[in-house]
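Source: prediction; values computed, not measured.
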Amino acid sequence: MKILFYDTKEYDQEYFEKYLPEYPGIEIEFAKAELQKQTVSLANGCDAICSFVNADVNREVMKRLADIHVRLLLLRCAGFNQVDLKAAKEYGITVMRVPGYSPEAVAEHAMALTLTACRRIHKAYNRVRENDFSLPGLTGVNLYQKTAGIVGTGKIGAAMARICHGFGMKVIAYDVYENKDLDFVTYVSLDELLFQSDLISLHCPLTEETHHLIDIDAISKMKDGVILVNTSRGGLIKTDDLIEGIRMHKFFAVGLDVYEEEKTYVYEDYSSHILSHSTTARLLSFPNVVITSHQAFFTQEALTAICTTTLDNAKAFAEGKTNGNEVVA
Ligand code: NAI
């Protein structure tokens with residue numbers, strides 16, 4: 001089994017090279033190129049390719065992969081909204097993912113964003129470095145005894161619910177299915193959640209139904225001074241409406257690990273560039289907004305799990321087995 005690994009970063013190569021000796025018969029070629037229709041030909045002679053969360057694996061890419069006899073797409077991530085699964089099925093390409101590599105990694109980052117934004121740690125950090133030990137502008141709010149509203153209580157949402165519960169918060173949630181393990185959570189409608197929550201944390205997948213779930217209408221239903229955190233997918237929030245809500249002083253704090261425009265920037269160094277027409281730059285200009293670069297997953301534990309599960313997936317496929325990590329249309 002020969003795999004072409006697209007969009008390789010140094011940490012990917014480090015982890016995969018560490019575990020590869022445990023998988024005899026699997027060979028990996030690491031490419032820096034992103035997966036797109038023009039770069040499919042790099043996978044000539046490979047049985048599989050491995051792509052990450054921001055690669056747009058559309059119908060044209062699928063067709064070209066099938067033309068060069070690639071039979072397996074290994075997603076080294078959980079989300080698969082970026083993959084045309086219908087096309088994969090039509091072209092006979094199996095898609096496998098890493099369903100739950102470390103829900104706690106993402107949930108802990110959601111809480112890190114919550115605390116950073118609502119205690120103004122991002123501003124305090126810079127201030128103290130300049131020998132400015134003053135406090136005006138850094139007033140925070142307590143989370144204790146406040147209401148956390150979790151949208152989507154799957155693996156990550158459940159982990160976030162547990163963390164919020166540990167902080168002494170009342171936890172309410174909205175999901176299309178209730179998670180019976182969360183006996184301390186009260187399920188409510190989405191509107192109720194928007195009305196009642198002091199902290200809203202998004203953990204549902206991006207689907208047609210959830211696209212722009214948080215728009216100006218939803219924002220207008222939120223409490224004044226709400227904290228909004230998104231570690232799920234950028235498309236859940238309509239960015240222009242979020243900016244309008246921030247300008248109306250609706251939010252005490254906003255923490256974003258994902259945002260609609262991220263595909264252009266994420267995982268790349270743009271520090272010497274001028275970001276023209278960027279809503280991300282607009283968001284960064286607000287003092288109560290903290291943004292990270294789709295890094296909620298980025299812990300040692302999660303990288304290990306991503307690597308070993310991806311290699312397990314390749315091994316299962318090579319042996320003609322299924323292991324439940326296949327994604328179908
Ligand atoms: P999961 O599949 O365990 O849970 C998703 C939950 O959302 C399920 O309980 C499902 O019933 C619920 N849901 C589906 N449609 C819904 C709707 N319309 N309204 C409300 N709830 C709905 O997924 P998991 O592992 O918890 O991941 C959640 C999301 O986190 C992923 O879809 C992915 O987009 C994102 N993610 C972000 C990462 C990051 O680094 N920032 C890393 C990994 C995942």
Side-chain angles (χ1 to χ4, degrees), residues 9-11 102 104-149 156 159-160 162-169 197-203 222-232 234 237 239 242-243 245-259 261-262 264-276 278-303:
K9 302 284 185 264
E10 63 183 45
Y11 45 83
S102 178
E104 287 74 21
V106 183
E108 287 172 19
H109 193 79
M111 185 44 94
L113 282 175
T114 305
L115 290 171
T116 304
C118 95
R119 301 305 297 269
R120 312 293 194 230
I121 303 294
H122 55 301
K123 293 178 73 67
Y125 174 79
N126 286 324
R127 230 182 248 195
V128 171
R129 284 171 69 91
E130 297 288 325
N131 292 347
D132 176 357
F133 300 97
S134 68
L135 294 184
L138 302 184
T139 316
V141 289
N142 283 12
L143 296 180
Y144 180 61
Q145 290 189 337
K146 297 282 169 53
T147 299
I156 298 170
M160 182 61 173
R162 283 191 291 269
I163 292 171
C164 292
H165 185 55
F167 269 69
M169 301 183 82
S197 301
D198 300 293
L199 160 65
I200 297 174
S201 194
L202 305 179
H203 300 286
M222 295 177 190
K223 277 184 176 177
D224 288 340
V226 65
I227 302 163
L228 176 67
V229 171
N230 187 10
T231 54
S232 192
I237 298 180
T239 312
L242 175 64
I243 290 171
I246 295 168
R247 294 181 66 207
M248 290 182 328
H249 298 265
K250 186 74 184 175
F251 299 96
F252 185 77
V254 175
L256 304 173
D257 187 49
V258 290
Y259 25 96
E261 249 185 10
E262 70 178 55
T264 321
Y265 307 117
V266 92
Y267 308 133
E268 305 301 332
D269 179 359
Y270 277 85
S271 53
S272 324
H273 292 62
I274 291 164
L275 307 184
S276 50
S278 164
T279 50
T280 310
R282 183 80 187 99
L283 282 170
L284 284 167
S285 72
F286 297 116
N288 58 344
V289 176
V290 172
I291 300 187
T292 51
S293 183
H294 204 140
Q295 67 173 73
F297 74 99
F298 202 51
T299 65
Q300 293 176 357
E301 292 80 358
L303 286 173

Donor on one side chain, acceptor on other, R282 and T279, under 3.5 Å: no

Ring centers of F298, Y11 separated by less than 6.0 Å: yes

If I compare all heavy atoms of A281 with all of S278, which pair ends up nearest, and what's the gap? N-OG, 3.0 Å

Run the numbers on D224 and K250 for side chain to side chain contact (heavy atoms under 4.5 Å, CB included), then give the verdict. CA-CA 5 Å; D224 288 340; K250 186 74 184 175; 2.9 Å; yes

Across all chains, not counting sequence neighbours, the side chain to side chain donor-acceptor pair (under 3.5 Å) partners of K123 are none

Please identify which of these residues, L199, I227, D198, meets the side-chain contact (heavy atoms from CB on, under 4.5 Å) condition with K146. D198

Please check this pair: side chain of S102 against backbone of A105, looking for a donor-acceptor N/O pair closer than 3.5 Å. yes

Do H294 side-chain atoms and Y259 backbone N/O form a donor-acceptor pair below 3.5 Å? no

Output, in order, the C-alpha distance, side-chain angles, deciding distance and verdict of side chain to side chain contact (heavy atoms under 4.5 Å, CB included) for V289 and L284. CA-CA 6 Å; V289 176; L284 284 167; over 6 Å; no

Residue R127 excluded, over 12 heavy atoms near CZ under 6.0 Å: yes

Rounded to the nearest 0.5 Å, what's the gap from CD1 on I237 to CG on L228? Could you check? 4.5 Å

Going by heavy atoms in the side chains, are V258 and L202 under 4.5 Å from each other? no

Do E261 and T280 pair up side chain to side chain, a donor and an acceptor below 3.5 Å, judged on atom types alone? yes

So, taking the atom named CG in L143 and the one named CE in M169, what distance separates them when rounded to the nearest 0.5 Å? 4.5 Å

Heavy atoms only: give me the nearest A159-A107 pair and the separation to one decimal. CB-CB, 3.6 Å

How long is the straight-line distance from CD of E108 back to CD1 of I156, given to the nearest 0.5 Å? 11.5 Å

Does some side-chain heavy atom of R120 sit less than 4.5 Å from a side-chain heavy atom of N288? yes

Set of side chain to side chain donor-acceptor pair (under 3.5 Å) partners for N230, sequence neighbours left out: none

Do F297 and T231 have side chains that approach each other closer than 4.5 Å (heavy atoms only, starting at C-beta)? no

Got a list of side-chain donor-acceptor pairs under 3.5 Å for residues 109-116, not counting sequence neighbours?
| from | atom 1 | to | atom 2 | distance (Å) |
| --- | --- | --- | --- | --- |
| H109 | NE2 | T292 | OG1 | 3.0 |
| T114 | OG1 | A110 | O | 2.7 |
| T116 | OG1 | A112 | O | 2.6 |

Take atom CZ of F133 as the centre, draw a 6.0 Å sphere, and report whether it contains more than 12 heavy atoms from other residues, nucleotides or ligands. yes

Closest non-hydrogen atoms of S197 and A148, given as atom of the first, atom of the second and distance, are OG-C, 4.3 Å

Treating N142 as the side-chain partner and Y144 as the backbone partner, does any N or O pair qualify as donor plus acceptor under 3.5 Å? no

Straight-line distance of I246 CD1 to S285 OG, nearest 0.5 Å: 8.5 Å

Verify side chain to side chain contact (heavy atoms under 4.5 Å, CB included) between V106 and D257, making sure each step is shown before the conclusion. CA-CA 10 Å; V106 183; D257 187 49; over 6 Å; no

